[in-house]
Each structure stands twice: as C-alpha cells, then as structure tokens.
Colleague: 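Pasting a structure here, questions to come.
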2 protein chains.
Amino acid sequence: MANRAKATIFDIAREAGVSKSTVSLVLQGSGLIRPETASKVRKAIEDVGYVYNRGAANLRKAHSNVIGMVINDLTNPFFAELAVGMERVFQSAGIVPFIANTAENPVRQEEVLKSLMEQGVAGLIVSPARGTTPGAFRRIETAGLPVVFAMRRLPESRIPVIAPDNHRGAYLATAHLIGKGHRRLVFFGGSSDLVVYHERLGGFREACETQGIAARDALVVEGETSRRGGIGCLETALAMAEPPTAALCFNDAVAFGAMLALRKRGLEPGVDFAIVGFDDVAEAEHYMPALTSVAVDSAGLGERAAHVMLKMIQSRTTRAEDHIGAVNLVVRESCGPDRRTRNRTAGSGSMN
Amino acid sequence: MANRAKATIFDIAREAGVSKSTVSLVLQGSGLIRPETASKVRKAIEDVGYVYNRGAANLRKAHSNVIGMVINDLTNPFFAELAVGMERVFQSAGIVPFIANTAENPVRQEEVLKSLMEQGVAGLIVSPARGTTPGAFRRIETAGLPVVFAMRRLPESRIPVIAPDNHRGAYLATAHLIGKGHRRLVFFGGSSDLVVYHERLGGFREACETQGIAARDALVVEGETSRRGGIGCLETALAMAEPPTAALCFNDAVAFGAMLALRKRGLEPGVDFAIVGFDDVAEAEHYMPALTSVAVDSAGLGERAAHVMLKMIQSRTTRAEDHIGAVNLVVRESCGPDRRTRNRTAGSGSMN
DNA sequence: TTGATTTATTGGAACGTTCCATTTAGTAGC
DNA sequence: GCTACTAAATGGAACGTTCCAATAAATCAA
C-alpha cells in the first residue's frame, strides 16, 4: 500500500540524518558531497520510494529537460519515422521528448501547444497541421521559446525549418518520367493550402518546362493525400479526353491508391501507366510492383531537427538556419516507358 | 522581443488592479468573480502574454491533468492507431496525453516511465516493451499511480489489461483455414517472450485439436514480428519435407512478408498457399491480394483504455477490471482452398 | 440605524525544490 | 595556539501557484 503522502526530500533527509540541502545536492550529482554521505542518501531515496518532483524543481531552475514534439499525423508512418529519428538523438542527450498528435486539426494543435507550454517545455519541434493560421505561433515566439518546424513550413514565418528538398525531388522524379518517354504527365494529389504542395508541384512544372513538355501536357489533379485520394485522382485522369501516361504523386499514399485503381481497371502499374511516389516510406519497397519514389530520409531529418533544437537551447537563441535535406530518386518497378508515346514518336519523331 | 522574465499572476494582478488571488480564481473559471472583473483580468492576461505554469499549480493541487502514453513501437501503424483512439477520448475530457515511444527497449522504457512520473502524470497507459521485467512497474504501483496495460500484458501482474481476444481470434482464423480444406497448417512469427504469442498460438492449437488436425500437422515457425520475419518464416516452411499449405501469421506485417516471399517464388498467395493475418491494419484491405485478417479494432481498444483510465483517476483507485475486446475475422482474398488436400480428400475422403 | 447575510475580493501560508550565504569541522602553516 | 584555508553540510529565501480564512462591500430584515 502506498504511503498516503508522497515522499519529499525532507523525508529522505530525516531518513538519512542529513539536511534537505544535502539531499538536493546528491540528487543533482554534485561533487561537494562526501561519497559515503551520498550513498547513505541514495539508500534512503530507495527506501522511501521517492519520486523526484520536476515541477517543483523547474520553479527554481527555469529550464526544464522536456521537449515537445507536435506531429500532425501519427498514423502516417512517414511522420512516425520523423518522430523516431528525433527521439534517437534526444535520448542520447538525456532528454525525453513528449509527442503529441494534432490529427491535422489546427484547433487541436492550439490546445496541444498551449498544454506543452504550460508544462514548461524547453523547446518545440512541430510539423504544423494543415490550415495552421499564420499567427498560431506568435505567442510562442514572444515567449522566447525555441521552435523548429519539421517537414512543413508556414507561408510567412521566421521559424527555422528542417525539410527535404521538395522542389528538387519532384524535379528529379519528373525528369525520370520524361526520360522514359512520357509526354503527357500529371501531378496527383495534395491541395494548395500546403506549402509542400507548391514546392513539389513547382519542381514538377519546372522539369516539364525545361525538358520540352508543353504546359497543356503538364496536368494537375488535386486530391486528398491518402490512398483514397490517389484512387480518385487516377479515375479523374483516365476520364480525360486525352489521358496522361504517367503520374508524379504528392506522396506514397497517393501513389499506392493510384496503383490500386489501375489494377481495378485491369491496367498494370509500371507498364500501362507510370507512377512515381514521394517520401519513400518503408512500404514502397515491398509493394507490387515496387514503387519508384523520392526518398527524403525522414528519420535523418528528425535527427537533424533534434540537433538544431539542442543547439538552440544551449545557445539560448530562438533563431537558426533552415536545413534542406538532400533527396534522391529510388528507381524501382512502377514506371516503365510510355507505350503510346513510343508509337507516336516512331511515326512523328523528327517533327519536334 | 520577449520580456526577460516571464509574466506571473502577480503581473496580471498589477495590470488589472486586482489581487493575485482574484487572478487565480479567474484562471480557474470560478463563478465567484464579478463578470466585469473577470473580463478585465482576462484582458490583462492577454496583454502581458501570460502562460500558465502548471508545474507551480500542481505543487498545490496534487493532481495534474496530464496522462502518459507509453508505446512500444510507434512506427507500427497498429500501435499508432491505439494511440489515436486514446487521444480521441482524452481530448473530449480536456486532457492532453503525452506519448512516448520505447522502441521495444526495456531500458528506454524505464527512462520514459521515470520521466513521466517526475513530470507528475495522473496516470499511465502502457503497451509494455518486449522483455519488460516483472518488477518494472513495482515502483509505480507503490506510488499509487493508476496504470493500465494496452494490447499486451505482463506474465504476473495485477495491473488491468485492455486487449483483444487473441485466443479467439486465432481460433476463428484457424478454423477458417481448416474449413477451406487445409490439413497441414503453420503458425508464423512471434516469439515466446510475448504473452500475446502464447495466446494466439493457443487459439491456433485449440482449433487444430478440436477440428481433427493431428498435432504433428500443426506446425510452428517462430520469427521476427515484421515483414522480414514473415519472409524468413515462409522460406523455412517451404523448405520442409512435407510443407504446410496454409499459415496463420502472428500479425499482418508477418503476413505481408510471407505473401511477398510467395510471390518471389512464383506462387500466388491465396491460391497456392493460404495466408491469414492478425490485427487487420488499414493496409490489409488494400493489399494484392487483399489480406484475410483478424480485426481487433485497435482504435476502439485505445478508447476503452482511456475510459478505464479516466474512471480510475476519478475514483482514485488503482484497480480495474480487464477488458477483452471482441475480434472478428475479415475474410478477403488471401486464402482459398487447399488444392493438394482436395485431391487427397477426393481419394480417401470417406476414411475419416 | 443596526445586525445578519450574501457577494466579491484579498493576504498569507503552503506545496517541493534550488541556490546562495553561512556555519561547522577538519587540516595546514606558522 | 592562533589564523587561514578547504571541504562538507546546512538554513532560509525564493520560484508561481492554490486554498483557506479573513476582510470589505453590498443587500436585506427588523
């Protein structure tokens, strides 16, 4: 049975026959205490079942050792990996990060941020929810709390960002498709309230432009960033008068959806229609056919974000440089050459 | 620029021309304060950019509003869904749960639990890491902190458990396979340090026994509980002198791995070899072929766990009843009838 | 008007820790 | 034996809140 009142350093002090200050010193691992006294105290701590009250300590210390991680969608393995990467580095710094999920809901995000601040976190790593208002972080900024954004950025904000090179990733992927002979391409999924969307779409467009694809052959179908969204996009695309032959998808989930929809129609992804994903989640490698995708190293970005945060805390600053992570295209089986284009090219290849 | 020192209720009091006690009352939404005074105070709160210090408050209040959620593997969507289910109910109770990941590492788990306790959580929902020692929760129990286990239980522990009916799920799935004509079955994946493993394996064995499968035809191949583990299991099984024709997999990840390995060998899951998964993660439905699996409703179990926790906190008890969630077999395309058995049965069907 | 009652507000102590300034004990130098 | 110093341990104030008991102001009953 638990003692009614929880033990405090006073109880330990009494038990060990020293003063509360001595106990406090031992707790902090101070070298000022004679080793035998220290071990006497430690024994007492064990005996009374003491648990340290960090809240009380922070009242004096002014800097906690907890860091908040705010994730917009934990069920997306992509973000979960990001979280795991961060945890790895915090762990070795003796910090336990607390993760909170916003489920892509700005209102929930507000609550979560408030709660984390009240808890006295030392810093915040945030992957902001879609639809976050520009002012959502003002309070936190004026409080002087270090914040870094991961994966996503807000339209106008001075908060440092750790994110993959979305533009370049999309460019690479699109160039790959064009190189395979595709001449009518589409960008699947996402919506314009996300900065990431504009970055990836920008890369797609630039690749089309510089590689001689006319603007009217660079299509865009917006949609949910989920499997379901991918299914919808594909159906929209194939219903067009002159359908595209290859798609760059906003993310892997959309790509999986699109491949699924192809199969449903009796078309084989990779041979009848080319698909490239984005993010390269673990599943991409194991899919049938294996998905060609832009790898962004989310765990690595998580680690990077954690390092930046640690540095900010240590140097008591609220500013840091952005970090744009390298990406690379992992070519697998989901995009072969365009058949129709090849035929067309055979007949009229010398005209362009 | 942030004010050097952070604002306290005293600052608000000065700003609003009232006493600190009044401010405190307003903060707590007490009805004792005259509405106009309250709004004057609220304005001051806004003006000075105040953030509530929950640590200081808890020093007096003795019960915090934070609940810790300790998850053994966040990258497994199954556990992520569990977390999301819990969050849903805590949110509507005005509580922000903090999630921490143990990455299936008992040492890490120890750190995480310690940190959460120091933070003064009101309760803990834990999906314990594999290899957790029986004594790992003793300190927490003697501290009188409410704990509930989710999904997994510890061998000998009085802590309430919220988990699916693993035995019955495995029984149903196995019976399904037997009903399809399979006469030589295998259980894939998992290892005996997990209580869940024994439960599921028990259901498998009972089904075999009661439906007339000889013990020597109910095989077991242990392995990692991942895609990779599934690949290994399948290869082991097919290398046997008399290979099985159907497998019940420890979880869906193992099942995906097994299906992958089948494909690699040119065998078609569902027609050449039957596979049933366990957990029914979102992906199961979208796989090719769609995976027959035992649905456990992890989000629902998460909600249940959260409710139990809330009730425990409210009634200041540390005990509660276990809750075994209903399961049901979702039949999809990954297990057709056994071809070989059917032939054999045709010849000697009347003998049994 | 007076006392009783209600309503709104307030000051002080307490919560469990850290940090600073002291005190105490022990050692060294002379 | 005295001072000077170091090492080890200590008491008190402070951190930002809540809660209780107390006060002040307003209303009511007589």
Colleague: Spell out protein contact along nucleotides 19-24 of chain C as letters: B when the base is contacted, S when just the sugar-phosphate is, - when no protein heavy atom is under 4.0 Å; keep the 5' to 3' order.
Modeller: B-----
Colleague: If you take all heavy atoms of A/A136 and A/T132, which pair is closest and at what distance?
Modeller: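 That closest heavy-atom pairing would be CB-CG2, 3.6 Å.
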Colleague: Find every protein N or O atom lying less than 3.5 Å from an N or O atom of nucleotides 5-7 of chain C, and list the pairs.
Modeller:
none

Colleague: Parallel, tilted or perpendicular for B/F98 and A/F98, by the 30°/60° rule?
Modeller: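 The rings of B/F98 and A/F98 lie parallel, inter-plane angle below 30°.
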Colleague: List the atom of A/L154, the atom of A/F137, and the distance in Å for their closest heavy-atom pair.
Modeller: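 It is CD2-CD1, 3.8 Å.
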Colleague: Please identify the 5'-most and 3'-most nucleotides of DNA chain D with any atom under 4.0 angstrom from a heavy atom of chain A.
Modeller: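 First and last nucleotides in contact are D/dA8 to D/dG16.
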Colleague: Nearest heavy-atom pair of B/S64 and B/N58: which atoms, and what distance?
Modeller: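 Of all heavy-atom pairs spanning B/S64 and B/N58, the closest is CB-ND2, 3.4 Å.
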Colleague: Are B/R139 and B/K114 close enough that some pair of their side-chain heavy atoms sits under 4.5 Å apart?
Modeller: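 When only atoms from C-beta onward are counted, B/K114 and B/R139 do not touch, as no gap falls below 4.5 Å.
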Colleague: Base, sugar-phosphate alone, or nothing: which one does A/F10 contact when heavy atoms must sit under 4.0 Å apart?
Modeller: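 Result for A/F10 = base.
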Colleague: Do you know which two heavy atoms are closest between A/G94 and A/N65, and how far apart they sit?
Modeller: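 Nearest pair, atom of A/G94 first, then A/N65: O-OD1, 3.9 Å.
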Colleague: For a side chain to side chain contact (heavy atoms under 4.5 Å, CB included) with A/V41, tell me which candidate from A/I33, A/V23, A/L25, A/I9 qualifies.
Modeller: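 The single option meeting the side chain to side chain contact (heavy atoms under 4.5 Å, CB included) with A/V41 is A/V23.
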Colleague: Exactly one of A/L113, A/V112, A/V107 should register a side chain to side chain contact (heavy atoms under 4.5 Å, CB included) with A/Q109. Which one does?
Modeller: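 Among A/L113, A/V112, A/V107, the one that satisfies the side chain to side chain contact (heavy atoms under 4.5 Å, CB included) with A/Q109 is A/L113.
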Colleague: I need the minimum non-hydrogen distance between B/R304 and B/I162, along with the two atoms involved.
Modeller: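 Closest pair (atom of B/R304, atom of B/I162, distance): CG-CG2, 3.9 Å.
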Colleague: Base, sugar-phosphate or nothing for B/I33? Non-hydrogen atoms, less than 4.0 Å.
Modeller: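 Sugar-phosphate: the residue B/I33, judged by heavy atoms under 4.0 Å, touches backbone atoms but no base.
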